[in-house]
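Quick note on labels: first sequence line is chain A, next is B, and so on, each numbered from 1.
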Amino acid sequence: MAYWLFKSEPDDYSIDDLAHEKAGYTVWDGIRNYQARNFLRDNVVVGDGVLFYHSSCKNVGVVGTAEVVKAAYPDPAQFDPDNRYFDSKASKEAPRWYCVDIAFRSAFDSLIPLAELRTLPALSDMVLLKKGRLSIQPVSKAEWRLVTALRAT
DNA sequence: GCCAACGTTGGC
DNA sequence: GCCAACGTTGGC
């Protein structure tokens with residue numbers, strides 16, 4: 001049981017999109033960074049908590065939580081030539097990229113801006129604040145508790 | 001849209 | 001294996 005922060009560009013896929021998934025979950029595909037891939041493939045397990053983060057938009061920050069409902073399996077998008085995440089160097093025998101499934105858990109009553117997280121000394125070691133570009137990143141239990149207590153849901 | 005940070009590619 | 005060139009991320 002561990003905690004993570006997943007980034008998404010809300011114009012592409014937002015916490016509201018996740019909250020309204022008819023199937024009750026979504027495939028977290030399209031991860032094309034090796035460090036993020038390794039976390040997905042090797043460390044993310046069912047039941048893990050996810051801080052859902054909106055990036056590359058007007059209001060960047062943590063907007064809610066999700067839960068991992070299926071552990072890593074080969075990302076189908078890498079095999080589909082018509083998909084934007086197609087990878088010609090990947091094969092079904094030797095998949096290069098992995099995805100997990102996550103389900104909506106909560107939406108905060110208001111977004112927790114990145115700038116606010118930066119003001120909290122207890123979060124100074126948070127990966128988000130030190131290594132901004134990683135799209136799948138570990139969150140400590142203490143960080144999870146603190147962040148999820150900042151807002152009502 | 002700018003630009004800093006950082007990841008990836010590819011020649012040698 | 002090094003490193004320059006290039007591409008991408010992502011905050012502002």
Nucleotide dA5(B), atom P - distance to CD of Gln35(A) in whole Å: 18 Å

Please classify the nucleic acid contact of Ser56(A) as base, sugar-phosphate, or nothing, using heavy-atom distances under 4.0 Å. base

Side chain of Arg118(A): nearest nucleotide among dC12(C), dG7(C), dT8(B)? dC12(C)

Do the numbers put Lys92(A) on top of the ring of Phe79(A), so that NZ or CZ is under 6.0 Å from the six-membered ring centre and no more than 45° off the axis? yes

For atom CG of Leu134(A) and atom P of dA4(B), their distance in whole Å: 22 Å

Taken to the nearest whole Å, CG/Leu117(A) to C1'/dG10(C) is 15 Å

Whether the side chain of Gln137(A) engages the backbone of Leu134(A) through a donor-acceptor N/O pair (distance < 3.5 Å, no angle test) should be reported. yes

If the threshold is 4.0 Å, N to carboxylate O, is there a salt bridge linking Asp75(A) and Arg32(A)? yes

Is there a path of hydrophobic side-chain contacts, each under 4.5 Å between heavy atoms of I/L/V/M/F/W/Y residues, joining Val60(A) to Ile15(A)? no

Rounded interatomic separation in angstrom, taking CG from Asp11(A) and C1' from dG10(C): 13 Å

If I take atom NE2 in residue His54(A) and atom C1' in nucleotide dC12(C), what distance separates them, rounded to the nearest angstrom? 19 Å

Side chain of Ser55(A) (C-beta onward), nearest among dC6(B), dG11(C), dT8(B): dG11(C)

Kindly say if Lys131(A) contacts the phosphate of dC6(B), meaning a side-chain N or O under 4.0 Å from OP1 or OP2. no

For the pair made of CD1 in Ile31(A) and C1' in dT8(C), what is the distance, rounded to whole Å? 14 Å

Where do Leu117(A) and Ile112(A) land on the side-chain contact (heavy atoms from CB on, under 4.5 Å) test, with the steps shown first? CA-CA 7 Å; Leu117(A) 298 176; Ile112(A) 306 167; 3.5 Å; yes

When you get a sec, tell me which of dG11(C), dG10(C), dT8(B) is the closest nucleotide to the side chain of Ser135(A)? dG10(C)

Walking DNA chain B from its 5' end, the first of Lys89(A) and Lys130(A) to be reached, judged by nearest nucleotide, is Lys130(A)

Which is more 5' along DNA chain B, the nucleotide nearest Arg133(A) or the one nearest Arg96(A)? Just name the residue. Arg133(A)

Taking the side chain of Leu114(A) as heavy atoms from C-beta outward, which of dC12(C), dG10(C), dT8(B) is closest to it? dC12(C)

Spacing between Asn33(A) atom CG and dT8(B) atom C1', to the nearest angstrom: 10 Å

Rounded to whole angstroms, how far apart are CD on Glu9(A) and P on dT9(C)? 7 Å

Does a side-chain N or O of Tyr53(A) approach OP1 or OP2 of dG11(C) to a distance below 4.0 Å, or not? yes

